[in-house]
Amino acid sequence: MRCTSLLLAALLLAQNGWTIPYQPVEFMNAIEEKEQGADVHLDKIHEMVNHLARYAGEYPTKLDNDADHAKMVENVKAFNGQLGYLIKTIIPEDSPEYPYFVREQARLGVIAHNLDIPNAAAGADRIYQWLLGQFKGKELADIQQEYGIFLANSGQTERAITQLKAAYESDNTGAAKALAIAYLGNQDTTKGQRMLEAYIKNYPDDLDAQKLLEVVKEGKIEVKEVKP
């Protein structure tokens, strides 16, 4: 069950109200069969996970109706099972690409969590913990940002702040927005406002961030606990 400690009325500004008719993905499109064996294309898996994220990379999802939600749940479950089998039995653990396949599994776990698939959050959390030890530099900062956003959306605000702060301090300026939201969810409006201002300096065209900053300055932030 989803349990998030953060619901900012201002964040509704970022939810534009649009939905997308669901188009499923086919895992086998990433497999190129040959006379002897087959090639697995990581880039195609990445593209398919990106496609799934368009619908459920955030919560609430952008699915059009209950039928599409049910269809996507089954699609994600099947895709995750196939990717998991690939990682466990085919991709060598000492392969340079191995952590990147696992990262796609973590991203898929976040999507599954946003679809309210049972146990998805625990699985994604466990994978991200492993990934933190596999990357360095900018790639590590990107992982920390992904992980921090996931933790914030899972109601684990303190842990989210730890990851997002580490990402931001490693020159991932894009993490400032999520860090600001995490601070606001933790009822620290001073730090939240400061991080929003820092973010807008680097991303002045982000109108949602500007609107959120206005709401913060006006003192209209509302924090609730939501347990659907």
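Tyr183 and Leu213 fall into different hydrophobic clusters, where Ile, Leu, Val, Met, Phe, Trp and Tyr are joined by side-chain heavy atoms under 4.5 Å apart, directly or via other members. Under a hydrophobic-cluster definition in which Ile, Leu, Val, Met, Phe, Trp and Tyr are linked whenever side-chain heavy atoms come within less than 4.5 Å, directly or via other members, Met195 and Ile200 are assigned to different clusters. Placement of Tyr203 and Leu184 within a single hydrophobic cluster is found when ILVMFWY residues are connected by side-chain heavy-atom separations under 4.5 Å, directly or transitively. Hydrophobic clustering (ILVMFWY, side-chain heavy atoms < 4.5 Å, transitive): Leu164 and Leu140 are in distinct clusters. Both Phe135 and Leu42 are members of a single hydrophobic cluster when ILVMFWY side chains are connected at heavy-atom separations under 4.5 Å.
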Practice prompt. Report the C-alpha distance between His51 and Gln23 in whole Å, list the side-chain angles of each, state the deciding distance to 0.1 Å, and finish with yes or no for side chain to side chain contact (heavy atoms under 4.5 Å, CB included).
Written response: CA-CA 9 Å; His51 175 80; Gln23 296 293 327; 3.9 Å; yes
Discussion item. Would Asn65 and Tyr22 count as a side chain to side chain donor-acceptor pair (under 3.5 Å) here? Give the steps.
Written reply: CA-CA 9 Å; Asn65 51 57; Tyr22 183 61; over 6 Å; no
Discussion item. Test salt bridge (Lys or Arg N to Asp or Glu O under 4.0 Å) on Asp125 and Arg159; report intermediate values, then the result.
Written reply: CA-CA 11 Å; Asp125 196 341; Arg159 293 180 66 201; 2.9 Å; yes
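Here the rule is salt bridge (charged side-chain N to carboxylate O under 4.0 Å, His left out) with Arg103, and of Glu139, Glu97, Glu146 only Glu146 fits it.
Residue-environment remark: OH (Tyr85) stays at or below the threshold of 12 foreign heavy atoms within 6.0 Å. The environment of Asp66 atom CG is sparse: at most 12 non-hydrogen atoms of other residues, nucleotides or ligands sit within 6.0 angstrom. For CD of Glu218, the number of neighbouring non-hydrogen atoms (other residues, nucleotides, ligands) closer than 6.0 Å is greater than 12. At most 12 heavy atoms of other shown residues, nucleotides or ligands fall within 6.0 angstrom of atom CG in Asn119.
Ala120 and Gly109 make their closest contact through CB-O, 3.7 Å (heavy atoms, listed as atom of the first residue, atom of the second, distance). For the pair Gln105 and Gly84, the tightest heavy-atom approach, listed with the atom from each and the gap, is NE2-CA, 3.5 Å. Nearest heavy-atom pair across Glu33 and Ala38 is CA-CB, 3.9 Å. Closest of all the heavy-atom pairs between Ala106 and Leu131 is CB-CD1, 3.8 Å. Between Thr157 and Gly185 the shortest heavy-atom distance is CG2-C, 4.4 Å. Considering all non-hydrogen atoms of both residues, Ser170 and Ala141 come closest at CB-CB, 3.9 Å.
Here CZ of Arg194 is found 8.0 Å from CG of Asp188. Values are rounded to the nearest 0.5 Å. Here the CG-CD distance, from Leu151 to Gln163, works out to 6.5 Å after rounding to the nearest 0.5 Å. Taken from CD1 in Ile117 to CE in Met72, the straight-line distance is 8.0 Å, to the nearest 0.5 Å. Here Ile127 contributes atom CD1 and Ile87 contributes atom CD1; the two are 7.0 Å apart, rounded to the nearest 0.5 Å. To the nearest 0.5 Å, atom CG of residue Asp64 and atom NZ of residue Lys71 are 10.5 Å apart. Distance CD/Glu47 to CG/Leu52: 12.0 Å, rounded to 0.5 Å.
In this structure, Glu32 does not pair ionically with Lys44, as no charged nitrogen and carboxylate oxygen lie closer than 4.0 Å. A salt bridge between Arg107 and Glu104 is present, with a side-chain N of the basic residue lying under 4.0 Å from a carboxylate O of the acidic one.
For Tyr59 and Phe150, the gap between ring centers reaches or exceeds 6.0 Å.
Contact annotation: the side chain of Asn80 never approaches that of Ile111 to less than 4.5 Å [non-hydrogen atoms, C-beta and beyond]. Using a 4.5 Å heavy-atom threshold, the side chains of Asp39 and Ile31 count as separate.
Under a 3.5 Å cut-off, the side chain of Ser154 and the backbone N or O of Gln156 do not form any donor-acceptor pair. No donor-acceptor distance shorter than 3.5 angstrom exists from the side chain of Asn29 to the backbone of Val25, with no hydrogens or angles considered. Without hydrogens or angle criteria, Thr162 side chain to Glu158 main chain gives a donor-acceptor distance under 3.5 Å. Between the His46 side chain and the Phe101 main chain, no donor and acceptor come within less than 3.5 Å of each other.
Between the side chains of Asn114 and Tyr55, not a single donor N or O lies within less than 3.5 Å of an accepting N or O. Of the N and O atoms on the side chains of Gln129 and Tyr147, at least one donor lies less than 3.5 Å from an acceptor on the other residue. Checking Glu197 against Gln193 by side-chain atom types alone, a donor-acceptor pair falls below 3.5 Å. A donor-acceptor contact under 3.5 angstrom links the side chains of Tyr199 and Asp206, judged on distance only.
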